[in-house]
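The structure appears right after this line, and notes come after that.
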There are 2 protein chains.
Amino acid sequence: MSDLLERLRDRGWRLTAQRRVVAEVLDGDHVHYTADEVHARAADRLPEIARATVYNTLSELVALGEVLEVSTDGRAKRYDPNARHTHQHLVCSRCGTIRDVHPTGDPLAALPENERYGFAIAEATVTYRGVCPNCSGS
Amino acid sequence: MSDLLERLRDRGWRLTAQRRVVAEVLDGDHVHYTADEVHARAADRLPEIARATVYNTLSELVALGEVLEVSTDGRAKRYDPNARHTHQHLVCSRCGTIRDVHPTGDPLAALPENERYGFAIAEATVTYRGVCPNCSGS
DNA sequence: CACTACATTGGACTTTGTCTAAGTCAAGAA
DNA sequence: TTCTTGACTTAGACAAAGTCCAATGTAGTG
């Protein structure tokens, strides 16, 4: 993802300091941050960055298909920089951490025509929930 | 679900007018209401019912396994009275309405052992997203 | 019927996110 | 290089969804 900024500029994205730090935060560790976590980390480098800017930038990255939005349960949305390969998520029901996983097969194929109720189905997401090794010990 | 109240009383659930109307709202149509929709419908029959009571009651019904909580994207959680048969959900990405669907196969089986990272996986939920016939027309 | 533990109430509060008006600035033009 | 301009950013108000709490009410037991 090191050429993310380049790809975006090629697509006419105006490059600002704020957008750069947000992209760098996502690029750094391969973790799934919430918007506020992204904001906190971006503010380490650019203290005056506004929350609204982080939200705007994240939405744009999602719209551009560079980042995925993952919402688990009622908690804050998390942002997944690994939008290149399709994958699903494994969520710890205690601590909320997320791991990317790659199940076999296509869940879309498992939904028979007579169960589609006329919807134009665009995607199927699978969420596995369980207790991670870290949390099961305690 | 007509004997829901009876089942709950047998399990030591204290039966109040508020809890009764909440249960009746869920029992009525087989729709997936948000907490506020449940509150509005409950208030038709019991005008002084508090929002907090509806939230409390819904949480208890979920904890007791009588109702499922479905959270799609950043929207309000919806409550699914059909907790008896396992099923998945089809969500309209415009209006947010939900339909129960029954895909073939077991998504848990699609996750290889080496992708489980030591988690004790308890469940797999599949969410299909698309535009419903109602929204695609306009 | 009285008692008491549990349920309900209303309103303040929190979290997550959106909106807006005014100011700022990146990038192309001259 | 400097100018121009429309897109970007900011701070703070606002909104939606949900939680918390102290005071009050009540279901069910004995």
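Side chains are part of it too, since the values below use all heavy atoms of this structure and drop only hydrogens, waters and symmetry mates. Sequence lines set the chain letters: A, B, ... in the order given, protein chains first and strands last, and positions in each chain run from 1.
The nucleotide whose nearest atom lies closest to any side-chain atom of B:Ala50 is, among C:dG17, D:dT9, C:dT9, C:dT9. Of the candidates D:dT9, C:dT9, D:dT10, the closest approach to any side-chain atom of B:Glu48 belongs to C:dT9.
Here the C1' atom of nucleotide C:dT16 and the CG atom of A:Leu58 are 13 Å apart, to the nearest Å. Spacing between atom NE2 of A:His39 and atom P of D:dG12 amounts to 13 Å, rounded to whole angstrom units. Atom-to-atom, CZ of B:Arg19 to P of D:dA27 comes out at 11 Å; the value is rounded to the nearest Å. Counting to the nearest Å, the C1' atom of C:dG17 and the CZ atom of A:Arg75 are 15 Å from each other. Here the P atom of nucleotide C:dC25 and the CD1 atom of A:Ile49 are 14 Å apart, to the nearest Å. For the pair B:Glu60 CD and C:dA7 P, the computed distance is 6 Å after rounding to whole Å. If you measure from atom CD of B:Glu69 to atom P of D:dA17, you get 14 Å, rounded to the nearest angstrom. The distance from atom CD of B:Glu37 to atom P of D:dA17 is 9 Å, rounded to the nearest whole Å.
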Sub-3.5 Å pairs of nitrogen or oxygen atoms, protein against nucleotides 26-29 of chain C:
from	atom 1	to	atom 2	distance (Å)
C:dA26	O4'	A:Arg14	NE	3.3
C:dA26	O3'	A:Leu15	O	3.3
C:dA27	OP1	A:Leu15	N	3.3

Check the interface with nucleotides 21-23 of chain D: list each N/O to N/O pair with the protein under 3.5 Å, or write none.
none

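The phosphate of C:dG17 (OP1 or OP2) has a side-chain N or O of A:Tyr55 nearer than 4.0 angstrom. In this structure, B:Gln18 does not reach the D:dG25 phosphate: none of its side-chain N or O atoms is under 4.0 Å from OP1 or OP2.
The neighbour count for A:Arg45 CZ, taken as heavy atoms of other residues, nucleotides or ligands under 6.0 Å away, does not exceed 12.
Screening A:Arg41, A:His39, A:Lys77 for a side-chain hydrogen bond (donor to acceptor under 3.5 Å, both in side chains) with A:Tyr33, the sole residue that qualifies is A:Arg41.
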Working for side-chain contact (heavy atoms from CB on, under 4.5 Å), residues B:Glu66 and B:Arg11: CA-CA 12 Å; B:Glu66 296 289 346; B:Arg11 293 167 73 180; 3.4 Å; yes
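Inspection of the B:Thr72 and B:Arg78 side chains reveals no N or O donor paired with an N or O acceptor under 3.5 Å.
The nearest pair of heavy atoms linking B:His89 to B:Ile98 is CD2-CG2, 3.4 Å. In terms of heavy atoms, B:Val131 sits closest to B:Ser136 at CG1-N, 3.7 Å. A:Tyr79 and A:Thr34 make their closest contact through CD1-C, 4.4 Å (heavy atoms, listed as atom of the first residue, atom of the second, distance).
Contact annotation: side chain of B:Arg51 to base of D:dG18, donor-acceptor pair present below 3.5 Å.
Here the two rings, on B:His85 and B:His102, have centers that are 6.0 Å apart or farther.
Counting heavy atoms from C-beta outward, A:Leu8 and A:Leu64 have side chains that approach closer than 4.5 Å.
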